[in-house]
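In each ligand, atom 1 is the first atom listed, and ligand 1 is the first ligand listed.
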Amino acid sequence: MPKLNPAMKKQLIARVNYYREMGIHDFYRRPVEEGAALEIAESDAEAEPVTPSGSGTSLFDSPLPVITDKPAALKAIREDIGDCTRCRLHKGRKNIVFGVGNVNADLMFVGEGPGADEDEQGEPFVGRAGQLLNNMIAAMGLKRSDVYIANVVKCRPPQNRTPERDECDTCSPFLMRQIEIIRPKVIVALGAVAAKNLLAVNDSMANLRGRWYEFKGARLAVTYHPAFLLRDPRQKKEAWKDLQMVMKYLGLKTAVSS
Ligand code: SF4
């Protein structure tokens, strides 16, 4: 049986979880020719990230069913997470940081994982980096309550280290389900960890930024993590370029000049 590449495996897991959430638990395999399945897996692995021209590489380009009760669907995910011990990050956490914001948001920000303040308060981006993210959102002419904010991992890594690959792989299906429920028009990946996990690519920020990606029917842009911008404020100008690209697509008026 051909092996699935990681990107396709993630998509499959997310899709199965989505159906489970819809109450569909029984799945039947339809026999496929082995060569055909392998061909899809290989072409997907080699494909360049694409602009949203309608020629997406996703296996699942067909529209997802619309979820009418988004708060209930998100609550079901939170209940599914429970008092999670699925990965080692549970050991040091105080609070699971699920996500916050407008369930009907056009714009969703995805960060890496909670820090100390977020762990304390159980809400993403509430520390200094969160204040900067709020300023970035305000500069776009929006309020924090207009957008949805979540992270790849929902528990704080010890000493704020970068989450390990297996921790991201264990936790990110919850994020995928959140995205499929909120169905934003644009996702902004904050930093390399978020970008690499969402896009299943391993590339530098320089190469990842400045272009659109197609992701679950949304457009995805990559910019710097606010914590990085606090360390290197010179890059704020570059981040603002990324946000302006998003604003243009969403038809948002510039609230401040660059
Ligand atoms: Fe569970 Fe995610 Fe926390 Fe790991 S990071 S323990 S998978 S909620």
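A cation-pi arrangement is found for Arg219 relative to Tyr249, the charged atom lying closer than 6.0 Å to the ring centre and inside a 45° cone about the ring normal. Figure legend: cation-pi geometry between Lys154 and Phe98, with NZ or CZ positioned under 6.0 Å from the six-membered ring centre and within 45° of its axis.
Checking side-chain atoms of Asp119 against main-chain N and O of Arg156 turns up no donor-acceptor pair under 3.5 Å.
Between Phe109 and His225, the distance separating the two ring centers is not shorter than 6.0 angstrom.
For atom 2 (Fe) of ligand 1, the neighbouring protein N/O/S atoms at less than 2.8 Å, given as residue and atom, are Cys171 SG.
Look at Arg93 and you'll find a heavy atom under 4.0 Å from some atom of ligand 1.
Counting only heavy atoms from C-beta outward, the side chains of Glu118 and Glu123 never approach each other to under 4.5 Å.
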Determine, stepwise, if the pair Asp80 / Arg86 fulfils salt bridge (Lys or Arg N to Asp or Glu O under 4.0 Å). CA-CA 11 Å; Asp80 193 9; Arg86 290 172 179 86; 3.7 Å; yes
